[in-house]
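Here is how names work: the chains are called A, B, and so on, in the same order as the sequence lines, proteins then strands, and each is numbered from 1.
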Amino acid sequence: MQEEIGRQVVTTDGFENIKLIGGADCTYFKDLVICCIVVLKYPTMEFVERTVHIGKISFPYISGFFSFREGEGTIRAYQKLSHKPDLLMINACGTTHPANAGFASHIGVVLDKPTIGITKRIFCGRAKIPQKGNEAQPLYHGRKQKGWLLKVLPETKPIVITVGHLTSTRSCLDITKKCLKGNKMPEPLRIAHRCAGEEKKKWGKSSGT
DNA sequence: GCGACAG
DNA sequence: ATCTTGTCGC
């Protein structure tokens with residue numbers, strides 16, 4: 001299935017103007033997956049809305065197969081959005097995947113939506129380590145560049161930016177940079193992460209823990 | 001054969 | 001991801 005998805009991935013820009021950008025993140029609580037999506041105005045990063053979907057974990061954690069663990073919940077959360085974003089930022093890799101089908105690319109194909117994958121560690125690919133603040137180094141996988149390592153803050157490890165779907169190496173770096181507001185993680189993912197944590201706390205309270 | 005391995 | 005201990009800095 002991943003090979004089939006991987007063949008459908010487009011690595012050129014498939015968007016006009018971005019007015020809304022989304023960020024997706026999942027957290028876990030007991031046997032549940034809590035998936036959260038936030039939508040922000042671009043490039044002001046002004047909050048627009050958030051949705052959540054909570055479901056039972058249906059697939060184990062296996063590196064390389066994230067889509068099957070966090071995909072369903074993320075898509076259900078996406079369907080609940082009143083304002084569909086022009087581009088979605090995902091907390092996972094995109095085309096730096098053995099089958100060209102990391103979660104960011106996979107969900108982009110399924111939703112037919114431009115996506116960018118952001119991770120804290122490299123899964124596939126090689127790159128020089130950027131040292132200076134704001135320095136970016138190309139990330140190669142196979143023979144092509146598929147993303148970047150970006151040293152956002154001088155005191156923290158660089159983030160990994162990868163092309164998801166309907167985006168290019170050039171645009172995924174430009175867009176990610178415009179989403180940075182003084183923190184290591186770009187706003188869509190930082191806010192989505194915070195929202196997921198709040199939902200978990202809320203759930204724990206109402207179910208007695 | 002052994003180690004590494006997105007969240 | 002989650003959990004835990006400890007340190008640094010605004």
May I ask you to decide if [Y]'s main-chain N or O and [X]'s side chain share a donor-acceptor pair within less than 3.5 Å?
X	Y	value
A/Thr74	A/Glu70	yes
A/Asp13	A/Ser168	yes
A/Lys146	A/Arg143	no
A/His165	A/Pro114	no
A/Ser105	A/Gly94	yes

Take the protein atom CG of A/Leu32 and the nucleotide atom P of C/dA1, then report the distance between them rounded to whole Å.
->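 Spelled out: CG on A/Leu32 to P on C/dA1 is 17 Å.
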What nitrogen or oxygen pairs link the protein and nucleotides 4-7 of chain B at under 3.5 Å?
{"from": "B/dA6", "atom 1": "OP1", "to": "A/Arg121", "atom 2": "NH2", "distance (Å)": "2.6"}
{"from": "B/dA6", "atom 1": "OP2", "to": "A/Tyr61", "atom 2": "OH", "distance (Å)": "2.4"}
{"from": "B/dA6", "atom 1": "N7", "to": "A/Gly64", "atom 2": "N", "distance (Å)": "2.8"}
{"from": "B/dA6", "atom 1": "N6", "to": "A/Gly64", "atom 2": "O", "distance (Å)": "3.0"}
{"from": "B/dA6", "atom 1": "N6", "to": "A/Phe65", "atom 2": "N", "distance (Å)": "3.3"}
{"from": "B/dA6", "atom 1": "N6", "to": "A/Phe66", "atom 2": "N", "distance (Å)": "3.4"}
{"from": "B/dA6", "atom 1": "N1", "to": "A/Phe103", "atom 2": "N", "distance (Å)": "3.1"}
{"from": "B/dA6", "atom 1": "N3", "to": "A/Cys93", "atom 2": "N", "distance (Å)": "3.0"}
{"from": "B/dG7", "atom 1": "OP1", "to": "A/Lys120", "atom 2": "N", "distance (Å)": "2.9"}
{"from": "B/dG7", "atom 1": "N7", "to": "A/Tyr61", "atom 2": "OH", "distance (Å)": "3.4"}

With sequence neighbours excluded, what pairs up with A/Asp86 under the salt bridge (charged side-chain N to carboxylate O under 4.0 Å, His left out) test?
->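 Salt bridge (charged side-chain N to carboxylate O under 4.0 Å, His left out) list for A/Asp86, sorted by chain: empty.
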Reference residue A/Glu198; test salt bridge (Lys or Arg N to Asp or Glu O under 4.0 Å); the match among A/Lys202, A/Lys200, A/Lys201, A/Arg194 |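 Filter result, single survivor: A/Arg194.
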side-chain contact (heavy atoms from CB on, under 4.5 Å) with [X]: which residues, sequence neighbours excluded?
X	answer
A/Arg7	A/Glu3, A/Glu4
A/Ile75	A/Gln79, A/Ile107, A/Val110, A/Leu111
A/Leu81	A/Ile37, A/Val39, A/Glu49, A/Thr51, A/Tyr78, A/Lys84, A/Pro85
A/Cys172	A/Ile116, A/Trp148, A/Ile161, A/Val163

Grab the N/O contacts between the protein and nucleotides 3-5 of chain C below 3.5 Å, and write none if there aren't any.
none

If you measure only the distance, is there a donor-acceptor pair under 3.5 Å linking the side chains of A/Thr156 and A/Lys184?
->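 Note: A/Thr156 and A/Lys184 side chains miss the donor-acceptor criterion.
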Which dot-bracket notation, 5' to 3', represents the base pairing of DNA chain B when pairs are defined as Watson-Crick or G-U with both distances under 3.5 Å, crossing pairs as [ ], and inter-strand pairs as |?
-> .......
Indicate every side-chain donor-acceptor pair of residues 14-25 of chain A with a distance under 3.5 Å to a residue at least two apart or in another chain.
{"from": "A/Asp25", "atom 1": "OD1", "to": "A/Asn91", "atom 2": "ND2", "distance (Å)": "2.9"}
{"from": "A/Asp25", "atom 1": "OD2", "to": "A/His193", "atom 2": "ND1", "distance (Å)": "2.6"}

Indicate every side-chain donor-acceptor pair of residues 58-69 of chain A with a distance under 3.5 Å to a residue at least two apart or in another chain.
{"from": "A/Ser67", "atom 1": "OG", "to": "A/His106", "atom 2": "ND1", "distance (Å)": "3.2"}
{"from": "A/Arg69", "atom 1": "NE", "to": "A/Tyr28", "atom 2": "OH", "distance (Å)": "3.1"}
{"from": "A/Arg69", "atom 1": "NH1", "to": "A/Phe59", "atom 2": "O", "distance (Å)": "2.7"}

Mind checking which stems touch DNA chain C? I mean at least 3 consecutive Watson-Crick or G-U pairs, both distances under 3.5 Å.
->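 Stem segments: none to report.
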A/Lys144, NZ atom: more than 12 neighbouring heavy atoms under 6.0 Å |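 No, not enclosed.
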Could you pull out the protein-nucleic contacts involving nucleotides 8-10 of chain C (nitrogen or oxygen on both sides, under 3.5 Å)?
none

